[in-house]
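For reference, the structure is listed below as structure tokens.
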Amino acid sequence: MVNLLITGGAGFIGSNLSNYWFKNNPNDNLIILDKLTYAGNLKNLDNIINSSNRVNFIQGDICDKELIDSILRKFSISHVFNLAAESHVDRSIASPEIFIKTNVMGTLRLLESFKEYWEEKSNPSDYRFVHISTDEVYGSLRQNEKPFDEKNPYKPRSPYSASKASSDHLVKAWFDSYKLPCIISNCSNNYGPYHFPEKLIPLTIINILTGKNIPIYGSGMNIRDWLYVEDHCRALELIIKSNKIGESFCIGGSNEISNIELVKLICNHIDKVSSSHPIKPSNKLITFIKDRKGHDFRYSINSSKIRKDLNWKPKITFEKGIKETINWYLKNKDWWEPLLSKNNN
Ligand code: NAD
């Protein structure tokens, strides 16, 4: 039995991970800590929070060291997934400071708190701290460059990726200096249920359903490597249960697609399965807008290490995952409609 702390557990990946863990690890206790910023939503945890005494939700900030100290001790935490973060690149370009505060200082506070707590233990090898990071720390690839792997140097280009890179360096340093049992994951773009409507896939689906323009940066030729969120959760489970302390794992879907192709694919699928959206064909809504500042051209991940060492591979093809995601948004208007006003804040 494990007492697992998931920070950022009311966000997109954190809530998918919490729901996944609850279902697949029935003996474990889950302690979910989230500040509930605009991106956190308790509705994402509806299925687990009130249905079991195995799950505790705490509203709080990872920068609050006293709070973290008390949570670690009160719940005898043995394993931590750190997903609490500011995660949207556009917001980081407009207002970088909160990204440094949460992503860098917050990770520092967690590491400090976990280290002090862990040093008191007589069985230190039973503890784990898994820090969830992004492929964006490696920078941007050109069309024919090889995908990123764990050996690539860090070359972050946005305030968001710079803050994530900084936090990764802190985690690595806490392993090298103190042997804190940390592991880092660097994953490509996720998609799936509970994805906040500011991100490309949910934004596109919702704008089609509500008849609003679908904004696409620049020429739409930027390429991302998409992974269904549940496949990411399975990778994180293998990582935290492994003995690969001090290591990093690149995780990707090997599904490279340009933004414009992706948006057209979503338009075509919604035109086929929905009769109620206002503008048809929905690709009439596509609107090219001024490119994002410093827009990374391409991300691509080589997942050979996690495939070989932990026997992971994605189970959900992009074709299946994107249809399931669209279907989820079609069925869950009650979830996304109230978020549309938050998206403008
Ligand atoms: P998200 O923005 O949906 O969720 C982040 C959550 O963290 C929210 O619930 C928010 O309320 C919470 N939070 C923010 N500041 C906090 C603080 N100071 N203390 C406690 N909670 C706080 O983000 P996401 O997409 O779920 O990403 C989660 C993590 O995974 C991030 O670290 C991100 O860098 C990483 N990641 C995301 C992707 C992706 O495609 N979404 C890919 C790779 C890695």
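Read the numbers this way: they start at 1 and go in the same order the structure lists the ligands and their atoms.
- On a distance-only criterion, T134 and ligand 1 share no N/O pair closer than 3.5 Å.
- By the 4.0 Å heavy-atom criterion, Y160 is counted among the residues contacting ligand 1.
- At the shortest separation from atom 28 (C) of ligand 1 among protein heavy atoms lies L83 O, 3.4 Å.
- A 4.5 Å side-chain heavy-atom check between I13 and H195 finds every atom pair outside the cut-off.
- At a heavy-atom distance under 4.0 Å, only backbone atoms of L36 (N, CA, C or O) approach ligand 1.
- In terms of protein heavy atoms, atom 21 (N) of ligand 1 is closest to K35 N, 3.1 Å.
- At least one heavy atom of G60 lies less than 4.0 angstrom from ligand 1.
- Both tests pass for K305 against the ring of F249: distance under 6.0 Å to the centre and angle within 45° of the axis.
- Nearest protein heavy-atom neighbour of atom 15 (N) of ligand 1: T102 CG2, 3.5 Å.
- Classification of the Y154-H169 ring pair by plane angle, with boundaries at 30° and 60°, yields tilted.
- Ring centroids of F288 and Y217 are separated by 6.0 Å or more, keeping the two rings apart.
- Ranking protein heavy atoms by distance to atom 9 (O) of ligand 1, first place goes to D34 OD2, 2.6 Å.
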